[in-house]
**Student:** 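Attaching a single structure in structure tokens format; questions to follow.
Each residue takes its place number in the sequence, starting with 1. Just so you know, ligand 1 is whichever comes first in the structure, and atom 1 is the first atom listed for that ligand.
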Amino acid sequence: MNNHYSFIGGPEGQWRVTRCEAIVGEPIETVPRLNVVNTPASQLSQVSTWVLQGFTSNVRYAERHEITQLRARQEGLNRTASTCAALIPIKKNAQWWALSQDERRAIFEAQSHHTEIGLAYLPEIARQLHHSRDLGEPFDFLTWFEFAPEHTDAFDALLVKLRTSEEWKYVEREIDIRLMKDNF
Ligand code: HEM
């Protein structure tokens with residue numbers, strides 16, 4: 001199974017970049033377009049300004065009851081109406097990574113209610129988490145979201161809630177890249 005994805009910023013790609021904002025930490029170069037491919041960066045020939053890569057994986061924190069709720073509510077990527085997307089690369093600090101799994105879970109859910117908050121935005125927002133830390137990438141996670149234009153305000157409200165949570169105190173770098181799919 002190939003679960004390895006590359007997010008290629010440059011002159012080409014199915015997504016047009018409408019905004020590229022550093023929320024915290026160092027920015028990345030703004031690019032006109034983004035291409036998302038199910039291929040490791042080492043196998044790419046496309047011209048690019050930058051490539052971020054990650055892989056999909058099993059859940060780390062979600063408990064049975066949460067997995068059940070998520071599966072009941074979530075919809076997949078590539079819906080026709082999802083002409084908007086967001087790529088939000090995130091790096092957490094050394095303090096976060098020094099914690100134990102149970103300490104991280106407590107911050108993630110008991111204190112920050114990440115899943116509980118996020119569930120309220122399903123199925124309008126479709127999401128995919130990519131892990132990058134173990135690849136030695138500049139970010140730990142590449143988070144990807146797709147939604148219809150009319151759900152942009154809801155997505156922004158979700159971000160306000162998450163960014164003011166305890167979990168986000170451990171975020172040392174976050175870039176908010178907004179995208180639109182052109183109509184062909
Ligand atoms: C749309 C609603 C959302 C839902 C339902 C949701 C749900 C989840 C769940 C269940 C996990 C844990 C996966 C696991 O067990 O390994 C997770 C992880 C994560 N989510 Fe969300 N999420 C949502 C939105 C967001 C947004 C908007 C962001 C970024 C701004 C985000 C960033 C992350 C990150 C970085 C992780 C990995 C955390 C870590 O392992 O330290 N999520 N999310």
**Student:** Side chains of L119 and L70: does their closest heavy-atom pair fall under 4.5 Å?
**Tutor:**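 They are in contact (side-chain heavy atoms under 4.5 Å apart), so the answer is yes.
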**Student:** Has the side chain of R60 got a donor or acceptor atom that lies under 3.5 Å from a matching backbone atom of R105?
**Tutor:**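 Side chain of R60 to backbone of R105, a donor-acceptor pair under 3.5 Å: no, none is there.
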**Student:** Quick one: does ligand 1 sit under 4.0 Å from the side chain of F139, the backbone, both or neither, non-hydrogen atoms only?
**Tutor:**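 Neither part.
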**Student:** Ignoring hydrogens, just give me the one of L158, I23, I117 whose non-hydrogen atom is nearest atom 1 (C) of ligand 1.
**Tutor:**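 Ranked by closest heavy atom to atom 1 (C) of ligand 1, first place is L158.
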**Student:** Could you tell me if any non-hydrogen atom of R163 lies under 4.0 Å from any atom of ligand 1?
**Tutor:**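 So R163 does not count as touching ligand 1.
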**Student:** Looking only at protein heavy atoms, which one is nearest to atom 27 (C) of ligand 1, and how far off is it?
**Tutor:**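 Of the protein heavy atoms, F145 CZ, 3.5 Å lies nearest.
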**Student:** Provide, to 0.1 Å, the distance between atom 17 (C) of ligand 1 and the closest protein heavy atom, together with that atom's residue and name.
**Tutor:**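 That would be F108 CZ, 3.4 Å.
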**Student:** Quick check against the 3.5 Å criterion: does T143 have a side-chain atom that pairs as donor or acceptor with the backbone of I88?
**Tutor:**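 The answer is yes, because a donor-acceptor pair under 3.5 Å joins these two groups.
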**Student:** Give me the nearest non-hydrogen protein atom to atom 39 (C) of ligand 1 as residue plus atom name, then the distance to 0.1 Å.
**Tutor:**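 The answer is F141 CZ, 3.2 Å.
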**Student:** Looking only at protein heavy atoms, which one is nearest to atom 41 (O) of ligand 1, and what is the separation?
**Tutor:**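 Checked against all protein heavy atoms, atom 41 (O) of ligand 1 sits closest to K92 NZ, 2.7 Å.
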**Student:** Describe, in one word, how the ring planes of F155 and F145 are oriented to each other, choosing from parallel (under 30°), tilted (30 to 60°) and perpendicular (over 60°).
**Tutor:**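 Answer is tilted, since the angle falls between 30° and 60°.
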**Student:** For T30, what residues pass the side-chain contact (heavy atoms from CB on, under 4.5 Å) criterion, not counting sequence neighbours?
**Tutor:**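 side-chain contact (heavy atoms from CB on, under 4.5 Å) check on T30 returns C20.
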**Student:** What are the protein N/O/S atoms, named by residue and atom, that sit under 2.8 Å from atom 21 (Fe) of ligand 1?
**Tutor:**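 Under 2.8 Å from atom 21 (Fe) of ligand 1 - ignoring waters, which are not counted - the protein N, O or S atoms are H114 NE2.
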**Student:** Describe, in one word, how the ring planes of F7 and W144 are oriented to each other, choosing from parallel (under 30°), tilted (30 to 60°) and perpendicular (over 60°).
**Tutor:**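 Judged by the thresholds at 30° and 60°, the geometry between F7 and W144 is tilted.
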**Student:** State whether a side-chain donor-acceptor pair under 3.5 Å links W96 with D140.
**Tutor:**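 Per modelled atom types, W96 and D140 side chains form no pair under 3.5 Å.
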**Student:** Any non-hydrogen atom of F147 lying under 4.0 Å from ligand 1?
**Tutor:**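 False for this residue.
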**Student:** Hey, which atoms in ligand 1 end up nearer than 4.0 Å to a heavy atom of L159?
**Tutor:**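 Going through ligand 1 atom by atom, the ones under 4.0 Å from L159 are 27 (C), 30 (C).
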**Student:** When you group the ILVMFWY residues by side-chain heavy-atom contacts below 4.5 Å and let the links chain together, are I125 and I67 in the same group?
**Tutor:**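 No; I125 is not reachable from I67 via cluster members.
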